[in-house]
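Below is one structure, written out as structure tokens, with a few remarks after it.
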Amino acid sequence: MKTDPETHVPLESFPAYPLEEMQARATAFHAQMVSRRSVRAFADTSVPQDIIEHCVLTAGSAPSGANHQPWFFACVGSADRKREIRAAAEAEEREFYAGKAGEDWLDALAPIGTDADKPYMEIAPWLICIFAQRRGGVRAGDDNKNYYIHESVGIATGMLIAACHNAGLATLVHTPNPMKFLNEACGRPPTEKPFLILVAGYPAADAMTPKHALIKKPLGDIASFL
Ligand code: IYR
């Protein structure tokens, strides 16, 4: 590993906690994150843009292949654009639920209760449309090959979801398929591939959550310690 002073600086800002504090922080963060739910009924209450900006900045701090940060977050708050995106998404979803999905997929979704109607896409204050950039670089305008694009954008999206939850915002990952319409709706170039739409806002007062979503695998089923 080369750490030339020309290209590297000392790692200075890493927080050091006593062991008990680390244990308390790890436990507290878990407690905070397990209360996250995917929400499908949103209130129409507005959320100030600066909260979304800070959540996106957190996402943008994610690790990425060669630090090329191959993501773009088009944060849609305008009613007209949300309406346009909802209409295009519902058109895809109608085909999906009418049979394109196939029987097994529809069976897997039955406990969640989803269907082609997505009113929350207009009701929620923000649709964060996430794009993956095939080409780019460490600075805007660079045109190099990007690496580990899906891994990088997936990690950033996870951090965005955690940041929203931490800020007190409910979210829903929404993935109409195909999502080509998002490029035009968000004014993004064809070299960017729509990754997913993150709906963000407050839950509706009468929001319900499927029991199915409360089943979380215990540690022994998701991890081994070797
Ligand atoms: N995109 C559809 C279908 C859907 C697919 C999966 I996998 C889900 O976990 C939930 C929904 C929709 O949003 O209804």
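Just follow the structure's listing: the first ligand is 1, and inside any ligand the first atom is 1.
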For atom 8 (C) of ligand 1, which protein heavy atom lies nearest, and how many Å away is it? Leu109 CD2, 3.3 Å

Would Arg40 count as a polar contact of ligand 1, with the cut-off being nitrogen or oxygen pairs under 3.5 Å? no

Between Ser35 and His165, does any side-chain donor sit less than 3.5 Å from a side-chain acceptor? yes

Do Glu122 and Arg86 sit within salt-bridge range, that is, some charged N less than 4.0 Å from a carboxylate O? yes

Pairing donors with acceptors under 3.5 angstrom, does anything connect the side chains of Gln32 and Asn166? yes

List every atom of ligand 1 that sits less than 4.0 Å from any heavy atom of Phe96, numbering the atoms from 1 in the order shown and giving each element. 3 (C)

What class does the angle between the rings of Trp105 and Phe96 fall in, given that below 30° is parallel, 30 to 60° is tilted and above 60° is perpendicular? perpendicular

Atoms in ligand 1 flagged as close to Lys118, the criterion being non-hydrogen separation under 4.0 Å: 12 (C), 13 (O), 14 (O)

Atom 1 (N) of ligand 1: which protein heavy atom is closest, and how many Å away? Glu93 OE2, 2.9 Å

Parallel, tilted or perpendicular: which describes the rings of Tyr120 and His174, with under 30° parallel and over 60° perpendicular? perpendicular

Check contact between Glu92 and ligand 1, using heavy atoms of the residue and a distance below 4.0 angstrom. no

Arg25 to Tyr17, cation-pi by 6.0 Å centre distance and 45° axis angle: yes

Under 4.0 Å between heavy atoms, the region of Asn177 that gets near ligand 1 turns out to be neither

heavy-atom search around atom 7 (I) of ligand 1 in the protein gives Trp105 NE1, 3.5 Å

